[in-house]
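What you see below is based on every heavy atom in this structure, not just the backbone, and it leaves out hydrogens, waters and symmetry mates.
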Amino acid sequence: MRAQRGGGAEEEKPGRRWRPLLRWRPLRWRPSRWVDYPRRGRRGVRRWLPSWRQLLLVASTGIVALIGWLAWFFTITQVPEDLNAFATQQNNVYYWADGTEMARIGETNRQEVPLDRVPEPVRAAVLAAENETFYSDPGISAKGIGRAFWSMVSGGETQGGSTITQQYVKNIYLNQHQDFSRKLSEAVIAVKLDDRMSKDDILAGYLNSSWFGRGSYGIQRAAAAYYGKDVSQLDVSEGAFLAALLKGAGQYDPALSSDNRERAEERWSWILDRMVGIGKLSRAERARYTVFPEPKPKPKSAGLSGQVGYLVDMAKSYVESHTDITPAQFDVGGHQIYTTFGKPEVTALAAAVQDATKGIDPDARESDKLLKVGAASVAPDGRIVALYGGPDYLKQGFNNANTSTVPVGSAFTPFVYAAGLDQGVQRARGANRTPVTPGTTYNGDNGVNVMTPEGPYWGRDGKIAKTANDGKRDWGQVTLRGAVEQSVNGPIMQLGMDVGLDRVQKTAADLGLLPSSMGELVPGFGVGNSTPSAIRTADAYAAFAAGGSRTDPYSVLRITRNSEPLTLRLPTAVQALPTAVAAEVDAALKGAVRGGSATWAADAGPDLAAKPGTTADRTAGWSVGYSGQLATAVTVFRADLRDMKLLSLEGLGGASPDTPDSVLPSRIWTAYMKAAGGR
């Protein structure tokens, strides 16, 4: 009971107990609660920790902004009316260094076929490989978009996982850049396209626009390129292989490498198993396909005969490794590739090889069989001016000028000489390094023990390693410059040990020899157990003529597409050797021409530098040298290209057994450099 006022109990009025509810007021916006930061009334770390209201505000604002932006992006992104230029294939045109046309490669290799021409099992193989939910999905993959978004915010590369519809959009409408904006545009257009077109039409468009490698766009041309068949004649096994190519033909065409073949067979098998998993192939039928359906060999273009094929192949490889153009984009065509190759020089080099090898008769002499010649000319700024890759690209696709399996022999000794002059020697462990000069003398006799700071070098055969001069000649005491000029191998082999073979290796790498071509670090390293290509060897020698400045060899000057310039990453010059050291090596190589081991080079013109190269096992002969503007390396060897096992050159061309193996390459070098006019 409440206390009475005025003497009587207060009577409770109806509805009184609901008054608190009637006093409710809506939640008021109080900005101070939301934007009070740093927070007042808090101390220490709590002052800087946002409240739940502030966190909610930030999150809500971000979500609303994202939804709004996505809605705006969806609205403004339209399905293009016309096909992207990417969908129209053209020729790639290669030009000589003087701007005249060298070759026109990549005639249109696209042919559309209706979907009903593609066998159902082949279609099923594509779905199993690329997008098994194609007929039920909305045209996009939420997981794929999610991966792309996460990759973007985490700084990684954009991930795959696109649906067939998205891939079709990419093929036809968009560029091939793998960035988030392209991925989002692809997804938006895919959703809209999925609403406009039937699934069968999208699948037909995808199969007719996808790149399968070998210049083939569309499954009809792919069937012809790989199996010589019309698409309607493909079986499920062949279809599974073609479906594997959709993941990246450059990685799955068995003709390109043994690794490719292994990948292709593994994915082919996985696709067939996947078809069983999604109910598109019975286990019994799957059991019939146990042998990989080997495609036919990759054909060569008729426009690549003679030396042109080697030149085009090298220029194409350079474009693919020094631009952002993918192999698929390159095969579309429309590119103009301006190469470094000089037509007169290429013609002269081929003529020099043909003239010098007229006496080679593989039918009459066993020692003449399987002869290979490789040669390259490189300017001091790295431009590959000419090369000789073999007798004819259509008959032998292997490029002899770019092989990395043939030992360079004593043509390597100038690199040892350069390392010694640059870094000095250390003949006792822990002692200071001492300089050497061109006049420093070494024992030039044959059969001298090879020494280390600890004593004689013992080989794996349990014997002390010994020096070996050509013809086993004893030279007595000889200066280092004299050893280079006269090609006395023993002193240079010992110099390599004194400098340190690891230091010699670094000097050779600084001059441009690839690490993968370096030989084992044993005494033979100093006299050429490494296997650099003729291109790399010529480029390295060019540094001696350029005061120690070296530029990686390159074969393309610029590239355009439909006359629009494209970005090409060209090498820059580096100082590989001190100028004074390069000058000393240059002087020794010129001395070899004036009165040393390379007097044959004097016939090619004045002021030339050169060095012959031979190997102890007689498996290679070299001639390397330069004028002021052109360095050229020529190598000859005998090998079966199936296993690259090197054979002896003794008796080549009917020569006597004691004829140096450098005679034939020297003859080629001299004739070519004379024809090139010393540049």
Non-hydrogen side-chain atoms of L647 and T619 separated by less than 4.5 Å: no

Reported OG1-to-CE distance for the pair T467 and M493, which is rounded to 0.5 angstrom: 7.0 Å

Non-neighbouring partners of D603 that pass salt bridge (charged side-chain N to carboxylate O under 4.0 Å, His left out), sequence neighbours left out: none

Sequence neighbours excluded, every pair satisfying side-chain hydrogen bond (donor to acceptor under 3.5 Å, both in side chains) that has a member inside residues 526-544: R536-D552

Side chains of L480 and Y417 in contact at under 4.5 Å (non-hydrogen atoms): yes

Minimum heavy-atom distance A356-L664, with the two atoms named: O-CD1, 3.5 Å

S662 side chain vs S623 backbone, donor-acceptor pair below 3.5 Å: no

Note, V425 side chain near L495 side chain (heavy atom, < 4.5 Å): yes

Distance, nearest 0.5 Å, that separates CZ of R427 from CG of N432: 13.5 Å

Side-chain ion pair, D586 and K590, N-O less than 4.0 Å: yes

Residue pair G444 / V478: nearest heavy atoms and the distance that separates them: CA-CG1, 3.9 Å

Summary of ring pair (Phe, Tyr, Trp, His ring centres under 6.0 Å) pairs that have at least one residue in residues 578-626, sequence neighbours excluded: W600-W669

Carboxylate-amine/guanidinium contact K463 D461, below 4.0 Å: no

Pair D510-K506, salt bridge (charged side-chain N to carboxylate O under 4.0 Å, His left out): steps then yes or no: CA-CA 6 Å; D510 289 343; K506 184 180 184 305; 3.0 Å; yes

side-chain contact (heavy atoms from CB on, under 4.5 Å) partners for D313, two or more places apart: Y393

Intermediate values then yes/no, side chain to side chain donor-acceptor pair (under 3.5 Å), Q423 and T507: CA-CA 10 Å; Q423 302 184 49; T507 296; 3.2 Å; yes

Separation between CD of Q354 and CG of L349, rounded to the nearest 0.5 Å: 10.0 Å

Derivation and outcome, ring-ring contact (aromatic ring centres under 6.0 Å, His included), residues Y672 and Y388: CA-CA 11 Å; Y672 166 69; Y388 181 86; over 10 Å; no

M314 side chain reached by L387 side chain, heavy atoms, under 4.5 Å: yes

Polar contact flag, side-chain donor to acceptor under 3.5 angstrom, E345-S377: no

Backbone of A350 reached by a side-chain donor or acceptor of Q307 within 3.5 Å: no

Contact check, side chains of Q426 and P453, non-hydrogen atoms, under 4.5 Å: no

Minimum heavy-atom distance Q336-T560, with the two atoms named: OE1-OG1, 2.5 Å

Which atom of A376 lies closest to which atom of I535, heavy atoms considered: CB-CG1, 3.6 Å

Audit row: Y457, M497, side-chain contact (heavy atoms from CB on, under 4.5 Å) steps and yes/no: CA-CA 9 Å; Y457 182 95; M497 300 297 291; 3.8 Å; yes

Steps toward salt bridge (charged side-chain N to carboxylate O under 4.0 Å, His left out) verdict (R383, D381): CA-CA 6 Å; R383 289 176 293 114; D381 62 1; 2.9 Å; yes

Test item: D355 and K358 side chains (from C-beta on) under 4.5 Å apart, heavy atoms: yes

Under 3.5 Å donor-acceptor, S517 side chain and L513 backbone: no

Partner set under salt bridge (charged side-chain N to carboxylate O under 4.0 Å, His left out) for R558, not counting sequence neighbours: none

Under 3.5 Å donor-acceptor, T100 side chain and W96 backbone: no

Side chain to side chain, T551 and V574, heavy atoms closer than 4.5 Å: no

Backbone of A655 reached by a side-chain donor or acceptor of T659 within 3.5 Å: no

N400 side-chain N/O to G389 backbone N/O, donor-acceptor pair under 3.5 Å: yes

D253 backbone acceptor or donor facing N260 side chain under 3.5 Å: yes

Shortest non-hydrogen contact between Y310 and P391, atoms and distance: OH-N, 4.0 Å

F341 and I384: CA distance, side-chain angles, deciding distance, side-chain contact (heavy atoms from CB on, under 4.5 Å) verdict: CA-CA 6 Å; F341 304 119; I384 305 174; 3.8 Å; yes

Donor on one side chain, acceptor on other, D498 and Q494, under 3.5 Å: yes

Residue Q477 excluded, over 12 heavy atoms near CD under 6.0 Å: yes

Test item: D474 side-chain N/O and D445 main-chain N/O as donor-acceptor pair under 3.5 Å: no

Steps toward side chain to side chain donor-acceptor pair (under 3.5 Å) verdict (S597, Q486): CA-CA 5 Å; S597 60; Q486 301 298 333; over 6 Å; no

Atom pair CZ/CG of F415 and L511 - distance to nearest 0.5 Å: 6.0 Å

Within 6.0 Å of NZ in K343, more than 12 heavy atoms from elsewhere: no

Criterion side-chain contact (heavy atoms from CB on, under 4.5 Å) on R365 and I360, from CA distance to verdict: CA-CA 8 Å; R365 285 186 291 268; I360 302 299; 5.6 Å; no

Rounded distance [0.5 Å steps], CH2 in W458 versus CG in N449: 8.5 Å

Any residue meeting salt bridge (charged side-chain N to carboxylate O under 4.0 Å, His left out) with K369, in chain and number order, not counting sequence neighbours: E366

Over all atoms of both residues, closest heavy-atom pair of E650 and D661: N-OD1, 4.4 Å

Minimum side-chain heavy-atom gap Y442-T479 below 4.5 Å: no

Donor-acceptor pair between K472 and N446 side chains, under 3.5 angstrom: no

R638 side-chain N/O to S367 backbone N/O, donor-acceptor pair under 3.5 Å: yes

Any donor-acceptor pair under 3.5 Å from N469 side chain to G490 backbone: yes

Residues D470, T614; criterion side-chain contact (heavy atoms from CB on, under 4.5 Å); working and verdict: CA-CA 9 Å; D470 286 345; T614 57; 3.6 Å; yes

Euclidean distance, S257 OG relative to R261 CZ, rounded to 0.5 Å: 11.0 Å

Parallel, tilted or perpendicular: ring planes of Y94 versus F330, cut at 30 and 60 degrees: perpendicular

